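FYI, the numbering just counts along the sequence from 1. In this text, all values refer to a predicted model and were calculated from it rather than measured experimentally.
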Amino acid sequence: MGKQSNETQSPVSDPTKFSILNLIDLSNPNINQSVNLLKQACLDSGFFYVVNHGITEEFMDEVFAQSKRFFSLPLKEKMKILRNEKHRGYTPVLDETLDPQHQLHGDYKEGFYIGIEVDEGDPESSKPFYGTNKWPEPDVLPGWKETMEKFHREALEVGKAVGKIIALALDLDVNFFDKPEMLGEPIATLRLLHYGGQISDPSKGLYGAGAHTDFGLLTLLATDDVAGLQICKDRDAKPQKWEDVSPLKGAFVVNLGDMLERWSNGVFKSTLHRVLGNGQERYSIAYFLEPSHDCLVECLPTCKSETNPPKYPPILCRDYLSQRYNDTHADLSIYKKEQS
């Protein structure tokens, strides 16, 4: 999820190298070491691995197994829980176009959105990214809802732990992102993803996921053992240079989002990334962590000075996210036409 690229994409035949990413161990008692590793990563690529995060490998395997069960259902069954205007539910192949300037079609992936559960009777449900989730019927996928709700809760705690290290890296109080207006009432979205095995060809505008940056504070990504994720450290370079990110069993690949780039006044980069299909099926699980709807994202006091004034105007989280989602997703009315 993210804003589109404005640069020419390199052809698929260009040789890419594997990116060397820092690895942050959340069980490390030496917090200063973690802060330094994270700061180095954020200044370099905006991507890093997180290990020993507290979610067991057995449970991660179960989440992936349940994800595969859902995507293996007939399309007709999946379309019964098509995403709604709150971005809950199933997103079909080609539904999302992350880089329309360079994509011939939408992304060759299907997905499933799960957000913060807020009952319809709750006044909070009127907010754009709060509401009730859509679920497969229990008799179709037993235990599916419970597995995903548990993972959503556990991933939120991992995100908050990483947020503490980011706060220290920006010379802020360790609990800066834990405040109610930040991650105390977050917009946290779990997205299951399935790439069906198409071969990408950027020279023809064909991508698993087009080049983009993520919208929010940070993203946690769990992947299977199939490569495909690529990053571009310098989005303004011509030609752009893309590096592969190796899957790492049991780890989250973490990257920073646009809001953190705005907060940090451009010190920490929201890095351009994409997914290229290589003919193999690929499954991944993304967890997008953003602050509350009413959070005003503006330059942090530690990131500005007389000689380095704010580069971005303040913006409400809800407004920024709503615009970015609308820019990248198909209008839901097209599915009504197809079904009529």
Side-chain angles (χ1 to χ4, degrees), residues 1 15-28 30-31 33-68 109 111 151-152 154-166 169 190-195 197 200 208-209 212-214 217-233 241-257 268-289:
M1 320 192 278
T16 54
K17 65 175 184 177
F18 277 93
S19 190
I20 307 298
L21 301 183
N22 281 357
L23 188 145
I24 294 171
D25 183 344
L26 289 188
S27 68
N28 184 357
N30 185 345
I31 190 69
Q33 185 180 39
S34 296
V35 169
N36 289 333
L37 283 168
L38 182 139
K39 188 180 294 187
Q40 186 183 51
C42 293
L43 294 173
D44 175 43
S45 66
F47 275 74
F48 50 93
Y49 296 112
V50 165
V51 296
N52 292 325
H53 42 65
I55 302 180
T56 67
E57 227 168 271
E58 293 75 20
F59 183 55
M60 287 299 306
D61 289 343
E62 173 62 17
V63 177
F64 271 99
Q66 290 281 30
S67 175
K68 288 179 183 178
K109 68 176 190 290
F151 180 75
H152 195 291
E154 293 193 6
L156 178 57
E157 293 311 307
V158 177
K160 287 182 175 181
V162 175
K164 290 179 186 294
I165 302 174
I166 291 173
L190 168 61
R191 194 177 190 194
L192 310 174
L193 293 164
H194 172 229
Y195 299 84
S200 297
H212 64 286
T213 56
D214 287 352
L217 174 60
L218 61 89
T219 303
L220 308 175
L221 181 74
T223 70
D224 60 14
D225 57 1
V226 178
L229 176 63
Q230 294 186 331
I231 64 174
C232 176
K233 293 179 183 178
K241 293 180 180 177
W242 291 90
E243 300 179 14
D244 289 302
V245 174
S246 296
L248 185 61
K249 177 72 171 171
F252 282 114
V253 178
V254 183
N255 66 282
L256 311 180
F268 284 2
K269 299 294 184 190
S270 178
T271 301
L272 200 64
H273 54 286
R274 68 186 186 185
V275 174
L276 296 190
N278 62 6
Q280 293 177 275
E281 271 191 291
R282 179 176 180 268
Y283 292 87
S284 64
I285 300 167
Y287 191 82
F288 301 102
L289 189 55

| Mutual orientation of the aromatic rings belonging to Phe151 and Tyr287 [parallel < 30°, tilted 30-60°, perpendicular > 60°] |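 Ring orientation, 0 to 90° scale: perpendicular.
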
Would a 4.5 Å heavy-atom cut-off, applied to side chains only, mark [X] and [Y] as touching?
{"X": "Leu248", "Y": "Val253", "answer": "no"}
{"X": "Val275", "Y": "Leu193", "answer": "no"}
{"X": "Leu272", "Y": "Trp242", "answer": "yes"}
{"X": "Leu256", "Y": "Thr271", "answer": "no"}
{"X": "Leu21", "Y": "Val245", "answer": "yes"}

If I compare all heavy atoms of [X] with all of [Y], which pair ends up nearest, and what's the gap?
{"X": "Ile55", "Y": "Ala155", "value": "CD1-N, 4.0 Å"}
{"X": "Asn278", "Y": "Ala227", "value": "ND2-O, 4.1 Å"}
{"X": "Ala222", "Y": "Met60", "value": "CB-CE, 3.4 Å"}
{"X": "Ser270", "Y": "Gly257", "value": "OG-C, 3.3 Å"}
{"X": "Ser19", "Y": "Glu243", "value": "OG-OE1, 2.9 Å"}
{"X": "Tyr195", "Y": "Ser284", "value": "CE1-OG, 4.0 Å"}

| field | Residues in salt bridge (Lys or Arg N to Asp or Glu O under 4.0 Å) contact with Glu62, at least two apart in sequence or another chain | value |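 Arg69.
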
Spacing of [X] atom [atom1] and [Y] atom [atom2] [to the nearest 0.5 Å]:
{"X": "Leu229", "Y": "Arg274", "atom1": "CG", "atom2": "CZ", "answer": "10.5 Å"}
{"X": "Gln66", "Y": "Leu192", "atom1": "CD", "atom2": "CG", "answer": "10.0 Å"}
{"X": "Phe288", "Y": "Leu218", "atom1": "CZ", "atom2": "CG", "answer": "11.0 Å"}
{"X": "Ile231", "Y": "Lys269", "atom1": "CD1", "atom2": "NZ", "answer": "14.5 Å"}
{"X": "Arg191", "Y": "Thr219", "atom1": "CZ", "atom2": "OG1", "answer": "11.5 Å"}
{"X": "Leu276", "Y": "Ser200", "atom1": "CG", "atom2": "OG", "answer": "5.0 Å"}

| task | Evaluate the side chain to side chain contact (heavy atoms under 4.5 Å, CB included) criterion for residues Leu38 and Asn22: first the C-alpha distance (whole Å), next the side-chain angles of each, then the deciding distance (0.1 Å), finally the verdict. | result | CA-CA 7 Å; Leu38 182 139; Asn22 281 357; over 6 Å; no

For [X], all residues meeting side chain to side chain donor-acceptor pair (under 3.5 Å), sequence neighbours excluded:
{"X": "Gln33", "answer": "Asn28"}
{"X": "Asp225", "answer": "none"}
{"X": "Lys39", "answer": "none"}

| said: Would Leu289 and Leu220 count as a side chain to side chain contact (heavy atoms under 4.5 Å, CB included) here? Give the steps. | reply: CA-CA 8 Å; Leu289 189 55; Leu220 308 175; over 6 Å; no

| request: Not counting sequence neighbours, which residues clear side chain to side chain contact (heavy atoms under 4.5 Å, CB included) with Lys249? List them please. | output: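 Checked Lys249 against side chain to side chain contact (heavy atoms under 4.5 Å, CB included); matches are Glu57, Asp61.
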
| query | Going through the distances and angles, do Leu26 and Ile165 end up as a side chain to side chain contact (heavy atoms under 4.5 Å, CB included)? | reply | CA-CA 9 Å; Leu26 289 188; Ile165 302 174; 3.7 Å; yes

List the atom pairs, with distances to 0.1 Å, where a side-chain N or O of residues 43-50 and a protein N or O form a donor-acceptor pair under 3.5 Å, not counting sequence neighbours.
| unit_1 | atom_1 | unit_2 | atom_2 | d |
| --- | --- | --- | --- | --- |
| Asp44 | OD2 | Lys233 | NZ | 3.4 |
| Ser45 | OG | Phe47 | N | 3.2 |
| Ser45 | OG | Phe47 | O | 3.1 |
| Tyr49 | OH | Ser246 | O | 2.7 |

| Short side-chain to backbone donor-acceptor contact, Arg282 and Val226, under 3.5 Å |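 At least one qualifying donor-acceptor pair exists.
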
| field | Main-chain N/O of Asp214 paired to His273 side chain as donor or acceptor, under 3.5 Å | value |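 Absent.
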
